[in-house]
Engineer: 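Submitted below is the structure of interest, expressed as structure tokens.
This one's a predicted model, so the numbers in the text were calculated from it and none came from an experiment.
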Amino acid sequence: MSCRCKKNPDSPEIKTEVSTVADTWEYRRPSKTRPLDQCLFCAQKHADEALAAMCEFTYELENRSFVHGSIRAVVNHTFRSWPAIAAKARKAALLWQSAEFAKAREALLQAASAIDAEIRRENPDIDARIRQAGGEG
């Protein structure tokens with residue numbers, strides 16, 4: 001899923017019609033979001049991905065690597081604009097690498113909570129939209 005937070009000026013709208021070969025390439029490449037772009041929605045996606053994988057995967061190397069990569073993506077998407085969030089995610093990554101799995105999950109939950117709080121602070125109408133959809137808001 002690509003970022004649609006509109007903070008990345010290079011992120012094009014997804015095309016729904018294809019008329020040329022060049023359009024076909026743009027249609028298949030939904031975003032120009034880069035790994036170091038500062039984006040809370042991207043960070044939230046990666047944090048959610050890591051938390052889900054922590055609960056679902058075994059602790060074999062390829063699974064640990066996947067979780068670690070997802071946590072590091074949170075750091076990459078936050079380190080310039082939200083350094084406190086990045087520090088929490090980095091702590092989670094270091095704990096994960098040290099096989100302190102329970103502590104790493106707790107640290108990542110703290111980072112995810114901080115991401116959610118910052119998204120809500122920057123988007124004050126989000127709670128109303130969540131309630132309108134039937135959520136807790």
Side-chain angles (χ1 to χ4, degrees):
M1 174 185 271
S2 60
C3 172
R4 292 284 167 234
C5 67
K6 303 297 182 207
K7 290 184 182 178
N8 180 358
D10 295 329
S11 184
E13 293 295 322
I14 294 176
K15 294 183 177 188
T16 56
E17 295 180 21
V18 178
S19 59
T20 68
V21 173
D23 282 345
T24 302
W25 171 245
E26 287 299 317
Y27 181 74
R28 290 185 182 159
R29 189 183 64 195
S31 174
K32 293 181 182 178
T33 302
R34 294 168 185 90
L36 296 179
D37 287 347
Q38 300 300 283
C39 175
L40 287 169
F41 291 104
C42 291
Q44 185 179 48
K45 174 186 72 171
H46 291 296
D48 290 347
E49 183 176 67
L51 286 165
M54 283 178 177
C55 297
E56 216 169 286
F57 289 174
T58 59
Y59 294 108
E60 294 166 7
L61 178 60
E62 61 271 15
N63 297 335
R64 292 193 321 268
S65 296
F66 175 81
V67 170
H68 180 248
S70 296
I71 298 170
R72 290 296 180 171
V74 174
V75 176
N76 287 344
H77 282 297
T78 58
F79 75 98
R80 287 188 192 118
S81 298
W82 305 278
I85 292 172
K88 290 175 191 213
R90 184 174 185 277
K91 177 182 176 183
L94 292 172
L95 287 166
W96 187 260
Q97 284 181 297
S98 301
E100 297 278 353
F101 302 122
K103 290 179 183 177
R105 185 173 188 282
E106 183 56 39
L108 186 55
L109 283 169
Q110 290 175 12
S113 178
I115 292 167
D116 186 62
E118 188 63 22
I119 286 173
R120 288 169 187 256
R121 189 188 71 72
E122 291 187 7
N123 300 275
D125 58 332
I126 203 165
D127 285 330
R129 290 197 308 269
I130 292 170
R131 280 192 301 277
Q132 184 178 10
E136 83 291 346

Engineer: Mind telling me whether Y59 and F101 have parallel, tilted or perpendicular rings, with 30° and 60° as the class edges?
Structural biologist: parallel
Engineer: What distance separates H46 NE2 from R72 CZ, expressed to the nearest 0.5 Å?
Structural biologist: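 Going from the NE2 atom of H46 to the CZ atom of R72 covers 14.0 Å.
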Engineer: Considering non-hydrogen atoms only, spot the tightest contact between A93 and H68 and give its length.
Structural biologist: O-CD2, 3.8 Å
Engineer: Tell me, do N63 and V67 make a side-chain contact under 4.5 Å, heavy atoms counted?
Structural biologist: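 No; the side chains remain at least 4.5 Å from each other.
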Engineer: Can you confirm whether more than 12 heavy atoms, excluding those of R90, are under 6.0 Å from its CZ atom?
Structural biologist: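 No, because the 6.0 Å sphere around CZ of R90 holds 12 heavy atoms or fewer from other groups.
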Engineer: Hey, could you give me the CZ/CD distance between F57 and E62, rounded to the nearest 0.5 Å?
Structural biologist: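 One gets 9.5 Å once the value is rounded to the nearest 0.5 Å.
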Engineer: Closest approach of A89 and V74, non-hydrogen atoms and distance?
Structural biologist: CB-CG1, 3.6 Å
Engineer: Could you tell me the separation between the OG atom of S70 and the NZ atom of K45, rounded to the nearest 0.5 Å?
Structural biologist: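 Going from OG on S70 over to NZ on K45, the span is 9.5 Å.
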Engineer: Do N123 and F41 have side chains that approach each other closer than 4.5 Å (heavy atoms only, starting at C-beta)?
Structural biologist: yes
Engineer: Find the distance between CD1 (I71) and CG (N76) and round it off to the nearest 0.5 Å.
Structural biologist: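 The distance works out to 12.5 Å.
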Engineer: Where do W96 and R64 come nearest, in terms of heavy atoms and distance?
Structural biologist: NE1-O, 3.1 Å
Engineer: Given 3.5 Å as the limit, does a donor-acceptor pair link the side chain of E56 with the main chain of L51, or not?
Structural biologist: no
Engineer: Between S98 and L94, is there a donor-acceptor pair closer than 3.5 Å when you use the side chain of the first and the backbone of the second?
Structural biologist: yes
Engineer: Could you check whether any side-chain heavy atom of E118 comes within less than 4.5 Å of a side-chain heavy atom of T78, counting everything from C-beta outward?
Structural biologist: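 E118 vs T78: side chains apart.
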Engineer: Looking at D37, is its backbone amide N or carbonyl O close enough to the side chain of H77 to form a donor-acceptor pair, meaning the two atoms are under 3.5 Å apart?
Structural biologist: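 Yes, because the side chain of H77 sits within donor-acceptor range (under 3.5 Å) of the backbone of D37.
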Engineer: Drop me the distance from Q38's CD to I85's CD1, to the nearest 0.5 angstrom.
Structural biologist: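 With rounding to 0.5 Å, CD (Q38) is 10.5 Å from CD1 (I85).
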Engineer: Find out whether C55 and R105 are in side-chain contact, i.e. whether some heavy atom of one side chain is under 4.5 Å from a heavy atom of the other.
Structural biologist: yes
Engineer: Return the minimal non-hydrogen interatomic distance between A86 and F79, and the atom names on each side.
Structural biologist: CB-CA, 3.5 Å
Engineer: Grouping I, L, V, M, F, W and Y whenever their side-chain heavy atoms are under 4.5 Å apart, do I115 and I130 come out in a common cluster?
Structural biologist: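 Linked within one cluster.
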Engineer: Looking at CG of L95 and CD of E106, how far apart are the two atoms once the value is rounded to the nearest 0.5 Å?
Structural biologist: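 Those atoms lie 10.5 Å apart.
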